[in-house]
Amino acid sequence: MTRQPRNRVSLLTYVLLFLMLAVFASDADAWWNDNWQYRKKITFDTTAGGADISEGISNLPILIRLHTGNFNFTNAKEDGEDIRFVGSDDQTLLKHHIERYDTFDEIALVWVKAPRLAAASKKEFIYMYYGNKDAMGGQASRETYDAAQVVVYHLGELEGAPQDQTANENHASTFSGGQGLPSVIGNGISLNGAGDKLVITASPALDFKNGFTFSAWIRMAGSQADAYLLAIEEEDKHIIVGIDGTKLYCGFSDESGQTVTTEKLVDISLNAWHQIAVSAASNRRLSVYLDGLELYFVDLKNGLPGLNSDIVIGDSVSGEHALIAELDEVILSNTARSAGWVKAVYASEGPEGRLCAFGVEMAGGGSGLPIFYLATIFKNITLDGWIIIGLLVLLGVFSWIVFLSKSLFLIQIQRDDKDFQKAFTSVTDWKALDAKSE
């Protein structure tokens with residue numbers, strides 16, 4: 001009895017071609033716009049080893065710090081106007097604006113509105129595209145922030161009053177102090193007592209009766225004589241964020257007679273940058289944070305005070321609580337931000353850069369190859385080299401076809417042998433088997 005193994009070469013060829021197409025399709029990621037030559041993947045790390053955020057957050061303005069270690073400035077325009085940010089779907093254009101772009105020192109500070117941060121995850125990411133010499137504009141400072149952020153001062157001005165980056169245009173009406181000083185993010189300001197302060201004129205957007213969040217970066221060289229970092233005062237009502245000696249505290253007083261002052265337990269270390277934040281919700285909770293961690297809280301039995309007066313940064317209205325310190329990135333919101341939000345802001349803005357992880361630079365069309373490989377291929381390989389590479393690719397494909405076809409051939413032979421052995425051992429009448437074979 002003889003049996004011929006089936007010929008599987010044609011089927012194998014189709015299977016191999018399908019697998020090759022699948023591999024190439026997975027490598028060739030979608031490319032948002034072919035006019036942009038390069039992109040980087042920026043992953044948000046909210047795990048314990050990164051920003052350590054245990055709640056999901058949406059529409060958070062993220063600080064993207066660019067430098068020679070994570071960005072090739074020569075591949076973008078000199079003013080950064082070709083930088084774009086796209087969501088993980090590689091389609092949705094995200095709002096952003098540039099605070100600083102310095103090609104000489106190769107440092108850039110860019111703010112982008114991240115759609116979401118997942119809790120304790122490394123799965124969320126965005127793309128940064130660049131490399132389009134014809135690109136113009138693209139920035140949207142006002143739309144980088146949500147409606148609840150009513151004041152955002154980057155404090156990077158070299159002269160003049162600090163400018164609000166939100167759509168509310170709550171620019172400082174009065175300012176006296178030092179400007180253009182290197183700070184934790186870009187440039188900051190210094191307040192040296194003796195009348196130095198920043199004043200924001202009252203406006204409808206600055207209504208905090210339903211919620212309140214204040215954050216700022218501060219560096220002090222010495223202890224304070226009960227200085228006010230923020231003061232909103234109106235007769236017997238007030239919201240105060242102060243520093244007594246080196247201890248941070250917050251105080252509220254409203255028209256009902258409710259007076260609340262947090263404890264003064266934790267010292268702010270001197271000659272180092274720290275982020276201070278205070279968040280309060282009407283009839284709920286007042287929390288004080290230092291460097292993203294909640295120091296202490298108190299319950300608010302009544303609502304927040306309804307105030308319609310100017311906001312003073314760095315002193316009281318009377319001028320008796322002057323602050324001597326450096327400040328950067330002052331933000332006010334008319335809602336209570338969560339603990340996760342405060343921690344995410346600290347992780348984003350802090351110099352450690354725990355939130356964002358940068359991938360390798362990719363070039364055109366989503367090839368999936370690092371840019372230095374692509375540069376080698378397209379710039380250094382001659383025509384003869386391309387011919388040799390092409391022949392090697394063809395030989396490689398044919399060798400895999402032969403290898404896999406022979407493997408399947410041998411597998412089929414083994415199956416046929418097993419079938420024969422099974423049939424042979426099951427026969428008891430040898431004469432019948434001989435007659436059947438004839």
Closest heavy-atom pair, A344 versus I53, reported as atoms and distance to 0.1 Å, is CB-CD1, 3.4 Å
To the nearest 0.5 Å, tell me how far L66 CG sits from N72 CG. 11.5 Å
Would you find a donor on one side and an acceptor on the other, under 3.5 Å apart, between the side chain of T213 and the backbone of S279? no
Enter the distance from I331:CD1 to F214:CZ here, rounded to the nearest 0.5 Å. 9.5 Å
Could you check if a side-chain atom of V298 sits within less than 4.5 angstrom of a side-chain atom of V288, using non-hydrogen atoms only? no
Locate the shortest heavy-atom distance separating L109 from G186; write the atom from each residue and the value. CD1-CA, 3.6 Å
Please list, chain by chain and in numerical order, all residues satisfying ring-ring contact (aromatic ring centres under 6.0 Å, His included) with F85, sequence neighbours excluded. H96
Give a yes or no answer on whether the side chain of H154 reaches the backbone of G156 with a donor-acceptor pair at less than 3.5 Å. no
For E235, I'd like to know if atom CD has over 12 heavy atoms of other residues, nucleotides or ligands within 6.0 Å. no
Go through it in stages, so that I can follow the logic: the residues are N334 and N210, the test is side-chain contact (heavy atoms from CB on, under 4.5 Å), and I'd like the CA-CA distance, side-chain angles, deciding distance and then a yes or no. CA-CA 7 Å; N334 59 12; N210 294 320; over 6 Å; no
Pairing of D90 and R39 as salt bridge, 4.0 angstrom limit: yes
Does the plane of the ring in Y346 sit parallel, tilted or perpendicular to the ring in W217? Use 30° and 60° as the thresholds. parallel
Looking only at heavy atoms, what is the nearest atom pair of E78 and T103, with distance? O-CG2, 3.1 Å
Spell out, as yes or no, whether a donor-acceptor pair under 3.5 Å connects the side chain of T46 to the backbone of A51. no
What are the two closest non-hydrogen atoms of S203 and N170, and how far apart are they? OG-OD1, 3.0 Å
Taking D82 first and then K77, would you say they form a salt bridge - that is, a charged N and a carboxylate O separated by under 4.0 Å? no
Is a side-chain N or O of D164 found less than 3.5 angstrom from the main chain of A167, in a donor-acceptor match? no
For the side chain of Q163 and the backbone of A161, is there at least one donor-acceptor N/O pair under 3.5 Å apart? yes
Identify which one of V317, L229, L323 satisfies the side chain to side chain contact (heavy atoms under 4.5 Å, CB included) criterion when paired with V312. V317
For the pair E143 and K113, evaluate salt bridge (Lys or Arg N to Asp or Glu O under 4.0 Å) and give the outcome as yes or no after the intermediate values. CA-CA 8 Å; E143 297 175 61; K113 190 175 186 178; over 6 Å; no
Any side-chain heavy-atom pair of I62 and C356 under 4.5 Å: yes
Determine, stepwise, if the pair R65 / F71 fulfils side-chain contact (heavy atoms from CB on, under 4.5 Å). CA-CA 9 Å; R65 294 177 182 266; F71 184 65; over 6 Å; no
Begin with the C-alpha distance, continue with both residues' side-chain angles, and end with the deciding distance and a verdict on side-chain contact (heavy atoms from CB on, under 4.5 Å) for S269 and H274. CA-CA 8 Å; S269 60; H274 297 280; 2.6 Å; yes
Report yes or no: does N192 contribute a side-chain atom to a donor-acceptor pair with the main-chain N or O of A194 at less than 3.5 Å? no
Ring of F358, cation from K40 - is the NZ or CZ under 6.0 Å from the centre and inside 45° of the axis? no
If the condition is side-chain contact (heavy atoms from CB on, under 4.5 Å), which residues does N33 pass it with, not counting sequence neighbours? N35, W36
Checking the side chain of D328 only, and the main-chain atoms of I185 only, is there a donor and an acceptor separated by less than 3.5 Å? yes
Within-4.5 Å side-chain heavy-atom neighbours: I189 and L181: no
From the options K343, R285, R337, select the one residue that forms a salt bridge (Lys or Arg N to Asp or Glu O under 4.0 Å) with E294. R285
Is there a side-chain contact between L206 and V151 (heavy atoms, below 4.5 Å)? yes
With a sphere of 6.0 Å drawn around CZ of R100, does it hold more than 12 non-hydrogen atoms of other residues, nucleotides or ligands? yes
Could you label the plane-to-plane angle of the Y145 and H97 rings as parallel, tilted or perpendicular, counting under 30° as parallel and over 60° as perpendicular? tilted
To the closest 0.5 Å, what do you measure between NZ (K247) and CD1 (I268)? 10.0 Å
Side-chain touch F73/D102, heavy atoms, less than 4.5 angstrom: no
Hey, is the main chain of Y153 close enough, under 3.5 Å, to the side chain of Q165 for a donor-acceptor pair? no
Is any side-chain heavy atom of I239 less than 4.5 Å from a side-chain heavy atom of I311? no
Nearest heavy-atom pair of F125 and S88: which atoms, and what distance? O-CB, 3.4 Å
Taking atom NZ of K301 and atom CG of D254, what is their separation to the nearest 0.5 Å? 12.5 Å
As a quick check of understanding, evaluate side chain to side chain donor-acceptor pair (under 3.5 Å) for S183 and E326, giving each step before the final call. CA-CA 8 Å; S183 184; E326 298 173 60; over 6 Å; no
Below 4.0 angstrom, N of the basic side chain to O of the carboxylate: do E81 and K133 qualify? no
Trace of the side chain to side chain donor-acceptor pair (under 3.5 Å) decision for Q91 with W32: CA-CA 6 Å; Q91 297 179 5; W32 166 67; over 6 Å; no
Taking the side chain as every heavy atom from C-beta outward, state whether Y130 and E361 have any pair of such atoms under 4.5 Å apart. yes
Checking S316 against S318 for the side chain to side chain donor-acceptor pair (under 3.5 Å) test, could you report, in this order, the C-alpha distance in whole Å, the side-chain angles of both residues, the deciding distance, and whether it holds? CA-CA 5 Å; S316 62; S318 64; 3.1 Å; yes
Could you walk me through whether Y249 and T261 satisfy the side-chain contact (heavy atoms from CB on, under 4.5 Å) test, starting with their C-alpha distance in whole Å, then the side-chain angles of each, then the deciding distance to 0.1 Å, before giving a yes or no? CA-CA 7 Å; Y249 72 93; T261 301; 4.0 Å; yes
When every non-hydrogen atom of S253 is compared with those of D236, the smallest separation belongs to OG-O, 3.0 Å
Quick check: does any side chain N or O of T144 sit under 3.5 Å from a backbone N or O of V112, one acting as donor and the other as acceptor? no
Give, for atom CG of L191 and atom CG of L198, the distance between the pair rounded to the nearest 0.5 Å. 7.5 Å
Counting C-beta onward and ignoring hydrogens, is there a side-chain heavy-atom pair between E329 and L155 closer than 4.5 Å? no
Reported CZ-to-CG distance for the pair F252 and L286, which is rounded to 0.5 angstrom: 5.0 Å
Tell me if a side-chain donor or acceptor on S121 pairs with a main-chain N or O of A118 at a distance below 3.5 Å. no
Exceeds 12 heavy-atom contacts within 6.0 angstrom, atom CG of D226: yes
